[in-house]
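Structure record follows, encoded as structure tokens.
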There are 2 protein chains.
Amino acid sequence: MLAKNTQVKCGDCPIRHRAVCARCETDELERLEEIKYYRNFEPGQTIVWSNDKMDFVGSVVKGVATLTQTMEDGRTQMVGLLLPSDFVGRPGRDGSAYDVTATTQVVMCCFRKKPFEKLMADTPHIAHRLLEMTLDELDAAREWMLVLGRKTAREKIASLLAIIARRDPRPDLPSGIEASFDLPLTREAMADYLGLTLETVSRQISALKRDRVIVLDGKRHILVPDIGRLLEEAGDDSDGGYLV
Amino acid sequence: MLAKNTQVKCGDCPIRHRAVCARCETDELERLEEIKYYRNFEPGQTIVWSNDKMDFVGSVVKGVATLTQTMEDGRTQMVGLLLPSDFVGRPGRDGSAYDVTATTQVVMCCFRKKPFEKLMADTPHIAHRLLEMTLDELDAAREWMLVLGRKTAREKIASLLAIIARRDPRPDLPSGIEASFDLPLTREAMADYLGLTLETVSRQISALKRDRVIVLDGKRHILVPDIGRLLEEAGDDSDGGYLV
DNA sequence: CGACGTGTTGATTCCTGTCAATACTCGTGG
DNA sequence: CCACGAGTATTGACAGGAATCAACACGTCG
């Protein structure tokens, strides 16, 4: 469970320019190297329990993880989707407010918390980058509030697909297909993200397939013939500020 | 519209110890004084338009403002409720992603953006406090995602009332009343916050009144005889981590 | 093969949205 | 002073979309 990976030099790290360390100078990277270690997680495995003390913070290097909240009666809501380069943990706080769970194989680059906090205090680059990333996450959370509060089931599904398509671009596209990606989530996880039931998710995916908005290749691989159409279905401003 | 108020010395400011300036030393406060100015807004007045260029950032000193997003067809979702000491604007970004609107009389303490960003770069106290506040806002946004995605209309209303009761405590309580506050929002604004229609909001408030969870004094003043009961109705963990 | 996890589809219920009528408060102006 | 209208709030009737309950299909792994 705690099996450490072969360490990757920060300079060679695939998320080097997007993660919390993006702005670091060489000497700062060296200090980060000293306090970092890798951890692997299997699909379904919990990375942090809500309200547990966290002794580390870190970045997702590979894979997908989720942040979820659960009510006493079992209703659960996903409140964040963590993709490579996303940051986990809150400097200055003891624990996580949410369950963090791996949905695929996940590689985390962890930093021991205390030294990381010290490093943050010493070097402005890390703190500054973290503020920037937190502001982005806040924007994403607020964007998601619109989805949860005001969109129909069909629009919710289309919004989720649009987000994943946006963050996971692929070059190898057959003609007549503008985007293509694997769903890293089960129907149930999608339901938890969207505030729906898994049956409704399944029905709406079928409906989008029937209406040719998407094409399925197996249960988990999605092809999008026309991204503009998908964004339209998502209820987003279709003047395409996002892609293309 | 731009009428400047009598400036208040930072040392005498009512939000001095909670706002973005909370950690500042005397000399930092002096630099803030130089770039700050007050602005008043009337109820209903827009403070910033979504996608507009913002040339200032600032703190709410008095009153209540809202952050909202609107879809092309008019559906709107409130994504933030700004109470005194809350921060408006995003250093490093050009504009606001949301409409910011005053719902009551609002006094804002504004800082010209460029000098404020410079000050942030120079002094770690402001940046650090801003990170802390942004992390809190992110938590609040995620908490709200659970409300929007998974709670029933009745639970949503109870959740909103609980939040306002928590942030606006009053000492002058008649016996048999554990909390008392004015609703700073119209039924429509509450609906936009909760992802409901104003009719449903009205009905659920009536239902909570009928069931003696709350007592109304006029349309806007709420009395809560039993806060535990309210939290229970909100679906929150009733072991009362919050109040009392 | 049978059990289990995952996903699809159908029948039905019910919560919330929609449409509509009415009440109340507060200015404004005749 | 009262009529009028605008904004806000309440309540009712009805419709519709998503939840619920349930059956079944598919793939994997023991």
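Reminder, nothing fancy here: chain letters follow the sequence lines and each chain counts from 1.
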Which pairs count as ring pair (Phe, Tyr, Trp, His ring centres under 6.0 Å) when at least one residue sits in residues 135-166 of chain B, sequence neighbours excluded?
B/W144-B/Y193
Could you check how far [atom1] of [X] sits from [atom2] of [N], rounded to whole Å?
{"X": "B/I205", "N": "D/dA9", "atom1": "CD1", "atom2": "P", "answer": "9 Å"}
{"X": "A/L208", "N": "C/dT9", "atom1": "CG", "atom2": "C1'", "answer": "16 Å"}
{"X": "A/L196", "N": "D/dA19", "atom1": "CG", "atom2": "C1'", "answer": "10 Å"}
{"X": "B/D192", "N": "D/dT8", "atom1": "CG", "atom2": "P", "answer": "12 Å"}
{"X": "B/Q204", "N": "D/dT10", "atom1": "CD", "atom2": "P", "answer": "12 Å"}

Students often get this wrong, so: under 4.0 angstrom with heavy atoms, is A/G195 touching a base, only sugar-phosphate, or nothing?
sugar-phosphate
What's the spacing between B/R90 CZ and A/L135 CG if we round to 0.5 Å?
6.5 Å
Within residues 144-157 of chain B, find the residues that approach DNA chain D with a heavy atom at under 4.0 Å, and present them sorted by residue number.
none
Qualifying residues under side-chain hydrogen bond (donor to acceptor under 3.5 Å, both in side chains), relative to [X], sequence neighbours excluded:
{"X": "A/T76", "answer": "A/D192"}
{"X": "A/S85", "answer": "none"}
{"X": "B/T101", "answer": "none"}
{"X": "B/D182", "answer": "B/H221"}

Taking DNA chain C as the partner, which of residues 62-69 of chain B come within under 4.0 angstrom of it by heavy atom?
none
What nitrogen or oxygen pairs link the protein and nucleotides 4-7 of chain C at under 3.5 Å?
from, atom 1, to, atom 2, distance (Å)
C/dG7, OP1, A/R220, NE, 2.9
C/dG7, OP1, A/R220, NH2, 3.4
C/dG7, OP2, A/R187, N, 3.0

Using the C1' atoms of the five pairs at each end, what is the angle between the end axes of the helix from C/dC1-D/dG30 to C/dG30-D/dC1, to 10°?
20°
Would you confirm whether A/T103, through its side chain, and A/V64, through its main-chain N or O, come within 3.5 Å as a donor-acceptor pair?
yes
Enumerate donor-acceptor pairs with a distance under 3.5 Å from any side-chain N or O in residues 151-159 of chain B to protein atoms, sequence neighbours excluded.
from, atom 1, to, atom 2, distance (Å)
B/K151, NZ, B/S159, OG, 3.1
B/K151, NZ, B/A234, O, 2.8
B/K151, NZ, B/D236, OD1, 2.9
B/T152, OG1, B/E155, N, 3.3
B/T152, OG1, B/E155, OE1, 3.4
B/R154, NH1, B/E233, OE1, 2.9
B/R154, NH1, B/E233, OE2, 3.0
B/R154, NH2, B/D211, OD2, 2.3
B/E155, OE1, A/R75, NH1, 2.8
B/E155, OE1, B/T152, N, 2.9
B/E155, OE2, A/R75, NH2, 2.8
B/K156, NZ, B/L194, O, 3.0
B/S159, OG, B/E155, O, 2.7

Protein-nucleotides 18-23 of chain C N/O pairs under 3.5 Å:
from, atom 1, to, atom 2, distance (Å)
C/dT18, O4, B/R203, NH2, 2.9
C/dC19, N4, B/E199, OE2, 3.0

Would you mind listing every salt bridge (Lys or Arg N to Asp or Glu O under 4.0 Å) that reaches into residues 79-88 of chain B, with sequence neighbours excluded?
B/D86-B/R167
